[in-house]
Amino acid sequence: MFARFFARPDTFALGVCNGCQMMAQLKDIIPGAGHWPVFARNFSERFEARYVTVEILPSPSIFLEGMHGSRLGIAVAHGEGRAAFGPEGFPGARFRDAAPGCAMRYVDNSGKPTERYPLNPNGSPGGMTGFTSEDGRATIMMPHPERGFRALQLSYRPRGLFEGERGPWMRFFENARRFTHM
């Protein structure tokens with residue numbers, strides 16, 4: 001049943017946090033998701049909850065359409081969020097920049113990908129934290145975009161930025177709505 005759902009061209013799927021972990025386990029039945037990592041325990045060995053910065057990378061993700069190049073604050077809250085590549089999910093291949101299908105990564109205050117704690121809360125290589133299928137209809141990520149789609153949800157909002165109701169992640173959800181009306 002799930003394989004049929006993922007194969008339909010009119011469907012899309014989003015996995016956030018625990019949903020990300022679950023969908024990564026289903027990658028064999030999601031077309032174009034075979035390159036996804038599994039998610040392992042944070043290097044800190046603790047549950048990590050904070051506000052971090054991510055960079056949106058060019059990708060075919062329907063959710064991230066028109067957002068690449070953006071550096072946005074986002075909430076994280078997870079204990080098993082480290083992207084693990086290689087056999088059985090053990091850290092294997094290290095990627096100089098980003099793995100295939102990587103759509104989002106943690107960045108430092110200079111906008112550079114980071115593995116440094118606490119800017120990267122789990123130790124994922126290259127800061128990688130979000131991935132998409134080859135056609136962009138399935139996207140997984142550890143951070144929580146739903147916690148910042150309204151401006152009043154933000155713990156920090158520079159003056160003149162995100163005035164009114166719209167938060168930085170509203171476009172993410174508008175993109176999904178547009179896909180359903182294509």
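- Across Ile30 and Ala138, no two heavy atoms sit closer than the pair CG2-CB, 3.8 Å.
- Residues Ala77 and Cys17 approach most closely at O-SG, 3.3 Å, considering heavy atoms.
- Looking at heavy atoms from C-beta onward, Phe39 lies out of side-chain contact with Asn122 at the 4.5 angstrom threshold.
- Within a 6.0 Å radius of CZ in Arg4, other residues, nucleotides and ligands contribute 12 heavy atoms or fewer.
- Between the side chain of Asp108 and the backbone N or O of Gly111, at least one donor-acceptor pair lies under 3.5 Å.
- Rounding to the nearest 0.5 Å places CG of Leu14 at 6.5 Å from CZ of Phe173.
- Ion pairing between a basic and an acidic side chain is recognised when a charged N comes within 4.0 Å of a carboxylate O; Glu48 and Arg50 show such pairing.
- Atom CD in Gln21 sits 12.0 Å away from atom CG in Leu26 (nearest 0.5 Å).
- Judged by distance alone, with hydrogens and angles left aside, the side-chain atoms of Arg178 form no donor-acceptor pair with the main-chain N or O of Ile62 at under 3.5 Å.
- When hydrophobic clusters are built by joining Ile, Leu, Val, Met, Phe, Trp and Tyr residues whose side-chain heavy atoms come closer than 4.5 Å, directly or via intermediates, Leu72 is not grouped with Val107.
- The structure places CE of Met141 at 7.0 Å from CD1 of Ile56, a figure rounded to the nearest 0.5 Å.
- In this structure, Thr132 and Pro60 have side chains that are in contact, with non-hydrogen atoms separated by less than 4.5 Å.
- Formation of a donor-acceptor pair under 3.5 Å by the Asn120 side chain with backbone atoms of Thr114 is found in this model.
- A donor-acceptor pair under 3.5 Å links the side-chain atoms of Ser44 to the main chain of Arg46, judged by distance alone.
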Derivation and outcome, side-chain contact (heavy atoms from CB on, under 4.5 Å), residues Asn42 and Glu80: CA-CA 5 Å; Asn42 298 342; Glu80 295 86 23; 5.5 Å; no

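- Within the 4.5 Å cutoff, the side chain of Val54 has no heavy atoms near those of the Arg105 side chain.
- Taking every heavy atom of both residues into account, Ala83 and Pro125 meet most closely at O-CD, 3.3 Å.
- Nearest heavy-atom pair, Pro31 versus Ala7, reported as atom, atom and distance to 0.1 Å: CG-CA, 4.2 Å.
- Pro143 is not listed as a side-chain neighbour of Val52, based on a closest heavy-atom distance of 4.5 Å or more.
- To the nearest 0.5 angstrom, His78 atom NE2 is 10.5 Å from Arg41 atom CZ.
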Verdict with reasoning, Thr53 to Tyr106, per side-chain contact (heavy atoms from CB on, under 4.5 Å): CA-CA 6 Å; Thr53 303; Tyr106 299 114; over 6 Å; no

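- No more than 12 heavy-atom neighbours from other residues, nucleotides or ligands sit within 6.0 angstrom of CZ on Phe2.
- Counting only distance, with no hydrogens or angles, the side chain of Lys27 and the backbone of Trp36 share a donor-acceptor pair below 3.5 Å.
- The backbone N or O of Arg137 lies less than 3.5 Å from a partner atom in the side chain of Asp135, making a donor-acceptor pair.
- Within a 6.0 Å sphere centred on CG of Asp10, other residues, nucleotides and ligands contribute more than 12 heavy atoms.
- Looking only at side-chain heavy atoms (C-beta outward), Arg150 and Arg166 stay at 4.5 Å or farther from each other.
- A single hydrophobic cluster is not seen to contain both Phe47 and Tyr51; linkage of ILVMFWY side chains at heavy-atom distances under 4.5 Å, directly or through other members, places them apart.
- Separating the OG atom in Ser61 from the NE2 atom in His68 is a distance of 12.5 Å, to the nearest 0.5 Å.
- Between Phe63 and Phe179, the distance separating the two ring centers is not shorter than 6.0 angstrom.
- Going from atom SG of Cys20 over to atom NE2 of His144 covers 10.0 Å, rounded to the nearest 0.5 Å.
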Go through Met104 and Glu55 one step at a time and tell me if the side-chain contact (heavy atoms from CB on, under 4.5 Å) criterion holds. CA-CA 6 Å; Met104 180 185 301; Glu55 176 185 25; over 6 Å; no

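- Looking at Arg82 and Glu115, no side-chain N of the basic residue comes within less than 4.0 Å of a carboxylate O on the acidic one, giving no salt bridge.
- Using a 4.5 Å cut-off between side-chain heavy atoms of Ile, Leu, Val, Met, Phe, Trp and Tyr, with links allowed through other members, Leu119 and Phe43 fall into different hydrophobic clusters.
- Using a 4.5 Å cut-off between side-chain heavy atoms of Ile, Leu, Val, Met, Phe, Trp and Tyr, with links allowed through other members, Phe5 and Met22 fall into the same hydrophobic cluster.
- A heavy-atom distance below 4.5 Å is not found between the side chains of Phe12 and Thr139.
- Looking at heavy atoms from C-beta onward, Val16 lies out of side-chain contact with Met142 at the 4.5 angstrom threshold.
- In this structure, the side chains of Trp169 and Gln153 stay at 4.5 Å or more apart for every pair of heavy atoms.
- Checking Ser124 against Thr129 by side-chain atom types alone, no donor-acceptor pair falls below 3.5 Å.
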